[in-house]
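One structure is given below, encoded as structure tokens.
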Amino acid sequence: DTGVSQDPRHKITKRGQNVTFRCDPISEHNRLYWYRQTLGQGPEFLTYFQNEAQLEKSRLLSDRFSAERPKGSFSTLEIQRTEQGDSAMYLCASSSYLSGRLNTEAFFGQGTRLTVV
Amino acid sequence: AQRVTQPEKLLSVFKGAPVELKCNYSYSGSPELFWYVQYSRQRLQLLLRHISRESIKGFTADLNKGETSFHLKKPFAQEEDSAMYYCALFMKTSYDKVIFGPGTSLSVIP
């Protein structure tokens, strides 16, 4: 499968623990997005990168959340001191973006389902 | 504030009946709109975008700037159309990004 891959697919953790998720985008894509999706809601934007630069972080992203894309390829999303409200599906997407051109399609991964108990 | 609304959480239609999934947006700039679909146990994928003016799997969507709408339509629903549908808005701001509506679950009854 040469699409966007996310690892792990499922994560159950105790409240207060730290968790880290990984996203491997489509190799030639320079844009990488993180979204969070809870039951009955559409994906909510969290943050995104262009190459290794983190361009924007949503106000939804508290200080406990941090994302990196150190070499402009894969990205990690870390949640520290998890809370029950963090339980959600975390989606990663990537796209190829060139300034001045129309935005191209974002390809999504299968997501990481986090359950905080 | 920029937002995307989809007024129907659930929509049920009979096979062969016309279907329309509503989407309205609020955005002061020039909008670029998409419909994404998520079939059961599959990842979210692009269905169509208004720029392309295309018909995918019999679905079409027309951008109406006056009514700030981008409704998705299909004249004859098929069982395989049952899925979650999300309307999405690409905002060209200083940092452009895509925001999604809450989604509509379409169920096509055989």
Side-chain angles (χ1 to χ4, degrees), chain A residues 1-6 9-10 23-26 29-51 53-61 88-113, chain B residues 1-10 21-25 27 29-54 56 63 70 72 83-106:
Chain A
D1 185 357
T2 55
V4 178
S5 62
Q6 292 186 245
R9 293 286 305 278
H10 303 275
C23 171
D24 286 89
I26 293 172
H29 285 179
N30 55 357
R31 282 265 171 108
L32 187 147
Y33 304 82
W34 284 100
Y35 288 86
R36 180 171 65 189
Q37 187 174 23
T38 52
L39 201 61
Q41 300 296 319
E44 294 175 294
F45 170 80
L46 292 180
T47 187
Y48 80 107
F49 295 82
Q50 179 149 319
N51 300 312
Q54 188 173 19
L55 295 188
E56 187 178 354
K57 289 172 60 172
S58 164
R59 275 172 261 176
L60 290 174
L61 221 59
M89 177 74 85
Y90 289 84
L91 297 170
C92 176
S94 70
S95 70
S96 178
Y97 178 83
L98 289 174
S99 178
R101 290 185 60 181
L102 292 173
N103 185 44
T104 60
E105 174 183 355
F107 291 82
F108 280 82
Q110 294 273 39
T112 294
R113 181 168 295 284
Chain B
Q2 303 90 352
R3 60 184 300 198
V4 177
T5 57
Q6 294 177 250
E8 303 131 333
K9 273 194 172 295
L10 298 167
L21 292 91
K22 292 184 168 54
C23 170
N24 288 87
Y25 66 91
Y27 180 51
S30 181
E32 188 175 336
L33 286 143
F34 305 81
W35 277 98
Y36 278 80
V37 61
Q38 188 167 27
Y39 300 103
S40 180
R41 298 183 181 279
Q42 294 188 27
R43 62 187 71 193
L44 203 57
Q45 57 187 287
L46 180 69
L47 180 62
L48 55 80
R49 66 186 83 190
H50 92 269
I51 290 287
S52 303
R53 293 184 155 272
E54 57 203 345
I56 303 292
L63 177 61
F70 186 57
L72 183 68
M84 279 295 297
Y85 291 81
Y86 297 96
C87 184
L89 166 68
F90 175 64
M91 303 188 299
K92 298 190 188 84
T93 61
S94 54
Y95 294 128
D96 42 10
K97 65 186 181 189
V98 178
I99 60 172
F100 287 81
T104 297
S105 175
L106 175 65

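Proteins get letters first, then strands, A, B, ... in listed order; numbering begins at 1 in each.
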Which atoms of Phe107(A) approach chain B - backbone, side chain, both or neither, heavy atom under 4.5 Å: neither

Which portion of Gln37(A) sits near chain B, non-hydrogen atoms under 4.5 angstrom: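 Looking at Gln37(A), just its side chain touches chain B.
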
Gln6(B) (side chain) donor-acceptor with Leu21(B) (main chain) under 3.5 angstrom: no

Thr47(A) side-chain N/O to Glu56(A) backbone N/O, donor-acceptor pair under 3.5 Å: yes

Those residues that, when tested against Tyr90(A), pass side-chain hydrogen bond (donor to acceptor under 3.5 Å, both in side chains) (two or more places apart): none

Proximal component of Gln42(B), with respect to chain A [non-hydrogen, under 4.5 Å]: backbone

Plane angle bin for Trp35(B) and Phe70(B) - parallel if under 30°, tilted between 30 and 60°, otherwise perpendicular: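 Aromatic pair Phe70(B)/Trp35(B) classed parallel.
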
